[in-house]
A.B. asks: 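I'd like to ask you about the structure that follows.
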Amino acid sequence: MNRKKTGKIDRAQFYADVYEVVKLIPKGRVSSYGAIARYLGANKASRLVGYALAGSFEGMDVPAHRVVNRNGLLSGAHNFPKDRPMDKSLEAEGVKIVDMQVQDFKKIYWDPNVELL
DNA sequence: CCGTTGACGCCAT
DNA sequence: TATGGCGCCAACG
């Protein structure tokens, strides 16, 4: 994945890495923007992760629905195509969603910094 | 070029 | 423990 640890990272590289990491999230598990941002070496750029995912629908096989905020809240559900809702997609994989919130979030949480390092 | 916005997160109350 | 404020970095108008 070639991420730079120089603090600064190239935008294109960052976006590409985000997609790759998200693709690595196991089915039925979820991760968080902050975790991914950290993994890419941009701790303070958690917002960029979400921004990057916003454009990951066009033809890309990126399971963006497996990425939620640090509270396990589906903060970006309204961004999903109406024919493929975020919560629906998650429940289809066995993830329970109640009031736009991932149940047992801590259990199914998947941290790239820990799981794959 | 400058101000605002946003799929977030941490720190201070 | 629950809220609110500030910081961060790109993209947009």
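Scope of the values below: all heavy atoms of this structure, side chains included, with no hydrogens, waters or symmetry mates. Protein chains get the first letters and strands the later ones, always in sequence-line order, with residue 1 at the start of each.
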A.B. asks: Could you state the atom-to-atom distance from CG of A:Leu40 to C1' of C:dC8 in whole Å?
C.D. replies: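 Rounded to whole Å, this separation is 15 Å.
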A.B. asks: Atom NZ in A:Lys96, atom CD1 in A:Ile108: separation rounded to 0.5 Å?
C.D. replies: 9.0 Å
A.B. asks: I would like to know whether A:Tyr109 and A:Ser31 meet side chain to side chain donor-acceptor pair (under 3.5 Å); could you show each step before the answer?
C.D. replies: CA-CA 6 Å; A:Tyr109 181 63; A:Ser31 192; 4.8 Å; no
A.B. asks: Nucleotide by nucleotide, 5' to 3', does protein get under 4.0 Å of the base (B), only the sugar-phosphate (S), or neither (-) in nucleotides 7-13 of chain B, counting heavy atoms?
C.D. replies: BBSS---
A.B. asks: About how many Å separate CG of A:Leu90 and CG of A:Leu74, when rounded to the nearest 0.5 Å?
C.D. replies: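 A:Leu74 CG to A:Leu90 CG: 5.5 Å, rounded to 0.5 Å.
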A.B. asks: Just to verify, what does A:Asp111 make a side-chain hydrogen bond (donor to acceptor under 3.5 Å, both in side chains) with, not counting sequence neighbours?
C.D. replies: A:Arg38, A:Asn113
A.B. asks: For a quick test of reading the model, state the closest non-hydrogen atom pair linking A:Val67 to A:Ser32 and the distance between them.
C.D. replies: CG1-C, 4.1 Å
